[in-house]
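Okay, structure first, notes after.
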Amino acid sequence: MGIVNVTPDSFSDGGLWLGEEPAFRHGFDLVADGADILDIGGESTRPGANRPPITQEINRAVPVIRRLVGAIGEVPISVDTMRAPVAAAAIEAGARIVNDVSGGLADPAMAPLVADAGVDYIAMHWRGHSDTMQSLAVYDDVVADVREELARRVDALVAAGIAPERIVLDPG
């Protein structure tokens with residue numbers, strides 16, 4: 001999976017791909033280098049990051065997704081978002097996977113949207129937004145706790161109508 005963070009404050013690339021043209025070129029290069037999936041995100045989830053407005057997240061990610069869909073053929077594109085309106089816009093632009101680091105907890109409209117769209121869904125283990133995540137990462141048994149919390153997410157996602165075979169779990 002090639003990662004394209006279209007943010008000014010990513011923990012992994014420090015904003016190297018902010019802007020449609022640099023993000024597009026990076027995504028195109030990742031596919032040329034062998035990426036099987038591209039993951040495009042317009043919100044940094046590094047610890048302490050401030051959330052951008054929804055319109056800004058859409059304006060960062062969706063033009064890049066639309067342009068890459070037209071340029072890279074059958075390589076699936078994933079949108080990295082916790083917001084249903086962003087996911088909807090990305091799906092409309094051609095994204096085939098929603099990569100939600102909140103596992104559907106940040107936006108109750110996410111699971112029904114994904115179910116209706118019939119796209120694949122990556123649900124990460126999550127306890128809170130970037131501004132609180134560090135203080136919430138306290139576990140009795142990290143493996144058992146993460147497993148239990150992800151199992152509850154799967155139950156909720158399936159109950160919302162997402163087919164089990166479309167759910168991918170990310171322990172985070």
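Everything quoted here is computed from the prediction, not taken from an experiment.
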Show the nearest heavy-atom pair for residues [X] and [Y], with the distance to one decimal.
| X | Y | answer |
| --- | --- | --- |
| P52 | R83 | O-NH1, 2.7 Å |
| A88 | L113 | N-CD2, 3.6 Å |
| P85 | I54 | CB-CG2, 4.1 Å |
| N99 | S78 | CB-OG, 3.4 Å |

Quiz item: Should I77 and R96 be marked as a side-chain contact (heavy atoms from CB on, under 4.5 Å) after you check the CA-CA gap, both sets of side-chain angles, and the distance that decides it?
Solution: CA-CA 6 Å; I77 292 183; R96 298 184 354 215; over 6 Å; no
Exercise. Report yes if some heavy atom in the side chain of H125 is under 4.5 Å from a heavy atom in the side chain of D170; otherwise report no.
Key: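 No, every pair of side-chain atoms sits at 4.5 Å or beyond.
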Exercise. Evaluate side-chain contact (heavy atoms from CB on, under 4.5 Å) for D39 paired with V4, printing each intermediate quantity in order.
Key: CA-CA 6 Å; D39 189 55; V4 181; over 6 Å; no
Quiz item: Atom CG in L169, atom CD1 in I167: separation rounded to 0.5 Å?
Solution: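 If I round to the nearest 0.5 Å, the distance is 7.0 Å.
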Practice problem: Please round to the nearest 0.5 Å and tell me the distance separating atom CE of M110 and atom CG of L105. | Solution: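 These two atoms lie 11.0 Å from each other.
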Exercise. Kindly indicate, with the supporting measurements, whether the criterion side-chain contact (heavy atoms from CB on, under 4.5 Å) is fulfilled by V75 and D36.
Key: CA-CA 6 Å; V75 174; D36 295 314; 6.0 Å; no
Quiz item: For residues E43 and T81, is any side-chain donor paired with an opposing acceptor at under 3.5 Å?
Solution: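 Side-chain D/A pair, E43 to T81: absent.
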Quiz item: Would the number of heavy atoms belonging to other residues, nucleotides or ligands and lying under 6.0 Å from CZ of R152 be above 12?
Solution: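 Check passes, neighbour count above 12.
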When you measure from the side chain of [X] to the backbone of [Y], do you find a donor-acceptor pair of N or O atoms at a distance under 3.5 Å?
| X | Y | result |
| --- | --- | --- |
| D145 | D140 | yes |
| D107 | A109 | yes |
| H26 | I3 | yes |

Exercise. Please report the C-alpha distance between L30 and L38 in whole Å, then the side-chain angles of each, then the deciding distance to 0.1 Å, and finally whether the side-chain contact (heavy atoms from CB on, under 4.5 Å) criterion is met.
Key: CA-CA 8 Å; L30 288 168; L38 283 184; 3.8 Å; yes
Using residues 60-74 as the side-chain source, report each donor-acceptor pair under 3.5 Å to any protein atom, sequence neighbours left out, with the distance given to one decimal.
unit_1, atom_1, unit_2, atom_2, d
R60, NH1, G42, O, 2.9
R67, NH1, E21, OE1, 2.8
R67, NH2, E21, OE1, 2.9

Side-chain donor-acceptor pairs under 3.5 Å in residues 114-124, sequence neighbours left out?
unit_1, atom_1, unit_2, atom_2, d
D120, OD1, R166, NH1, 2.8
Y121, OH, D100, OD2, 2.6
Y121, OH, G104, N, 2.9

